[in-house]
Structures are given as C-alpha cells and as structure tokens.
Amino acid sequence: MHIHRTSTPARRTTRLIGALGLGLALTLSACGNDDSAADAPTALSDTEHNDADVAFATDMIQHHAQALSMVDLTLDRSLDPEVQQLAEDVRAAQGPEIETMSDWLQDWDEEIPATMRDHSNAGHDMEGMGDSMEGTESDMPGMMSGEDFDELENASDADFQALWLEMMVEHHEGAVEMAEDQQDDGQFRPAVELAGTVVETQTAEIERMQELLAG
C-alpha cells in the first residue's frame with residue numbers, strides 16, 4: 001500500500017529557512033563583489049593622468065612653496081646645527097619637487113598656480129609676507145595662515161626655533177595627508193611615486209622635529 005506523506009509545518013519551515021539562508025548568502029556574496037570592485041585601486045599609468053593627479057600637483061606646489069618660505073625665515077636666525085640641517089634638507093627636497101610638478105602641469109596643459117614665493121622671487125624681501133597672505137583661505141591641511149606667518153616672522157630669537165619646529169611639524173603632517181590621498185586616488189605613476197617619497201621623507205622629518213622639540 002502506498003502511503004502519501006503530507007508535508008508537516010515543521011518540515012515546511014525548515015525548507016523555508018534553508019531557502020532564505022541560501023538567498024541571503026547569495027545576496028551578501030554579490031554585495032561583497034560590488035564592494036571589492038568599488039574599492040579596487042586605480043590602475044597606474046606612465047602616460048595617462050586623472051583629476052587627482054592635477055589636484056595633487058597644483059596643491060602640493062603651493063604647499064611646498066610655503067614650506068620653502070618658512071625655510072627662508074631661518075636664514076638670519078641663529079639655530080642649533082641639527083635644526084639648520086633640517087631646514088637645508090627641506091629646501092633640497094622640496095625645491096626640485098616643485099619644478100617636477102610644474103613640468104607635469106605644463107605637459108598636461110594645466111595652470112601652474114601662483115604661490116607666496118612668487119612675491120619674494122620677484123625681488124622683494126620676506127618682510128610682511130604674512131600680510132600678503134591675509135584674506136587667502138586654504139583648505140589644504142597644514143597650511144599656515146597669514147597670522148601664523150607673521151607670528152613666526154616676528155618671533156624673538158629665543159622663541160623662533162621652537163615655534164618654527166612646531167609649525168613645520170604641522171605643515172609636514174598636512175603634506176603627508178595630501179600625499180596619502182594621492183597614493184589612493186592618483187593614476188599617473190610618477191605622481192603616485194612622488195607622493196610615496198613625500199610620505200616617507202616628511203614622516204621621518206616629523207619624527208626628527210618632534211625629538212628636537214622634546215629636547
């Protein structure tokens with residue numbers, strides 16, 4: 001005799017839970033794949049560039065230029081030898097990097113930004129450079145305001161060195177943040193590699209300056 005087995009509520013519930021679980025697993029798997037695609041790094045190119053590369057070069061030129069203006073303020077100051085060497089290292093690294101980034105912008109038919117150093121390079125001294133920055137707002141991390149620059153420029157010899165180190169630490173931290181963004185978003189390989197150099201070099205200089213401040 002054939003006995004017809006009816007589906008019990010418990011058995012139907014078990015099958016339903018299994019089906020829902022499979023559907024949820026498939027949905028989570030698909031979402032995971034979408035996230036992976038979205039988070040995939042930008043493919044680097046030796047010839048092509050993107051908007052992030054242009055923004056990095058444009059902003060970092062101005063950021064570096066301000067650092068060099070801060071170095072200029074050390075020229076007539078009596079500094080500890082280690083601090084003087086640090087200032088020389090900043091000049092030696094960031095001057096050529098400005099030239100490199102300016103060349104990129106020119107090659108890309110992009111505007112090379114004006115900087116606060118254009119004033120001093122035009123034959124004017126550094127006196128009042130903070131005043132020339134007043135009213136110019138910048139959302140770049142670590143950038144000094146005109147008031148900051150005036151404070152540093154007018155600091156006494158006794159206060160200048162520590163203030164310069166404190167401000168340069170903050171300035172370097174901003175540059176590292178910008179460079180890390182470029183490493184994430186840039187396409188032009190030389191620009192991404194330069195960003196890596198900025199991160200490495202300026203992180204090491206931050207550590208040196210913090211040690212000097214700690215005494």
Side-chain angles (χ1 to χ4, degrees), residues 51-52 54-80 83-84 86-99 101-102 105 110-182 185 194-195 198-199 201-214:
D51 289 344
V54 175
F56 171 71
T58 301
D59 290 349
M60 195 60 84
I61 285 173
Q62 298 171 78
H63 207 274
H64 275 15
Q66 188 176 81
L68 294 182
S69 292
M70 294 170 69
V71 170
D72 288 341
L73 291 181
T74 68
L75 295 178
D76 297 326
R77 299 285 187 160
S78 177
L79 304 176
D80 292 342
V83 178
Q84 187 63 59
L86 180 65
E88 298 287 342
D89 291 345
V90 170
R91 186 188 301 279
Q94 298 194 26
E97 287 174 356
I98 287 176
E99 294 179 7
M101 292 183 287
S102 297
L105 291 176
E110 300 284 349
E111 183 178 355
I112 298 173
T115 71
M116 64 179 297
R117 284 181 63 77
D118 294 338
H119 177 86
S120 58
N121 289 340
H124 304 282
D125 60 25
M126 295 296 295
E127 187 69 29
M129 282 298 293
D131 293 338
S132 70
M133 295 166 59
E134 290 297 342
T136 60
E137 297 296 330
S138 172
D139 58 1
M140 284 180 274
M143 286 287 275
M144 293 168 59
S145 67
E147 186 177 81
D148 293 333
F149 205 90
D150 280 339
E151 181 183 2
L152 181 60
E153 187 175 17
N154 297 321
S156 67
D157 289 341
D159 296 336
F160 177 86
Q161 178 170 291
L163 186 60
W164 187 88
L165 288 169
E166 290 168 359
M167 289 185 173
M168 190 62 86
V169 165
E170 183 176 352
H171 202 270
H172 272 32
E173 288 172 342
V176 169
E177 180 181 336
M178 293 163 63
E180 288 174 340
D181 288 342
Q182 168 65 8
D185 302 331
L194 177 59
V198 169
V199 171
T201 301
Q202 297 205 27
T203 297
E205 290 176 346
I206 288 169
E207 293 174 358
R208 288 170 58 194
M209 288 187 286
Q210 289 173 335
E211 290 171 358
L212 290 167
L213 283 167

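Everything numeric in this text was worked out from a predicted model, so none of it was measured. The residues of the chain are indexed from 1 along the displayed sequence. Computation of the quantities below employed the complete heavy-atom set of this structure, encompassing side-chain atoms and omitting hydrogens, waters and symmetry-equivalent molecules.
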Under the side-chain contact (heavy atoms from CB on, under 4.5 Å) rule, what do Q202 and Q94 come out as? Steps first, then yes or no, please. CA-CA 10 Å; Q202 297 205 27; Q94 298 194 26; 3.4 Å; yes
Passes side-chain contact (heavy atoms from CB on, under 4.5 Å), F56 versus M101? Steps please. CA-CA 9 Å; F56 171 71; M101 292 183 287; 4.3 Å; yes
Apply side-chain contact (heavy atoms from CB on, under 4.5 Å) to residues D72 and R91 and explain how you reach the verdict. CA-CA 9 Å; D72 288 341; R91 186 188 301 279; 3.1 Å; yes
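No donor-acceptor pair under 3.5 Å is formed between the side chain of D150 and the backbone N or O of E147. At distances below 3.5 Å, not a single donor-acceptor pair connects side-chain atoms of W164 with backbone N or O atoms of L152. For the pair E205 (side chain) and L86 (backbone), a donor-acceptor distance under 3.5 Å is absent. At distances below 3.5 Å, at least one donor-acceptor pair connects side-chain atoms of S69 with backbone N or O atoms of A65. Between the side chain of H63 and the backbone N or O of P141 there is at least one donor-acceptor pair closer than 3.5 Å. Looking at Q66, its side chain never comes within 3.5 Å of a backbone N or O of Q62 through a donor-acceptor pair. Listed for the Q161 side chain is a donor-acceptor partner under 3.5 Å among the backbone atoms of D80.
Contact annotation: the side chain of T58 never approaches that of E110 to less than 4.5 Å [non-hydrogen atoms, C-beta and beyond]. Residues M60 and E97 form no side-chain contact, since every pair of their non-hydrogen atoms from C-beta on lies 4.5 Å or further apart.
In this structure, M116 CE and M144 CE are separated by 7.5 Å, a value rounded to the nearest 0.5 Å. Atoms CD and CE, from E166 and M168 in turn, are 12.5 Å apart once rounded to the nearest 0.5 Å. Taken to the nearest 0.5 Å, the CZ atom of R208 stands 12.5 Å off from the CG atom of L213. Interatomic distance, CG of D159 versus CD of E151, reported as 9.0 Å (0.5 Å rounding). The CG atom of L73 sits 5.5 Å away from atom CZ of F160, with the distance rounded to the nearest 0.5 Å. Residue Q84 holds its CD atom at 10.5 Å from CG of D89, rounded to the nearest 0.5 Å.
Closest approach of T74 to A87, counting heavy atoms only: OG1-CB, 4.0 Å. In terms of heavy atoms, A67 sits closest to V90 at CB-CG1, 4.4 Å. Pairing each heavy atom of M178 with each of M140, the nearest pair is CE-SD, 4.0 Å. Smallest separation of non-hydrogen atoms from V198 and V176: O-CG2, 4.4 Å. What you find for P96 and A92 is that their closest heavy atoms are CD-O, 3.1 Å. Here the shortest heavy-atom pairing between I61 and P113 reads CG2-CG, 4.0 Å.
With sequence neighbours excluded, the residues satisfying side-chain hydrogen bond (donor to acceptor under 3.5 Å, both in side chains) with D157 are R77.
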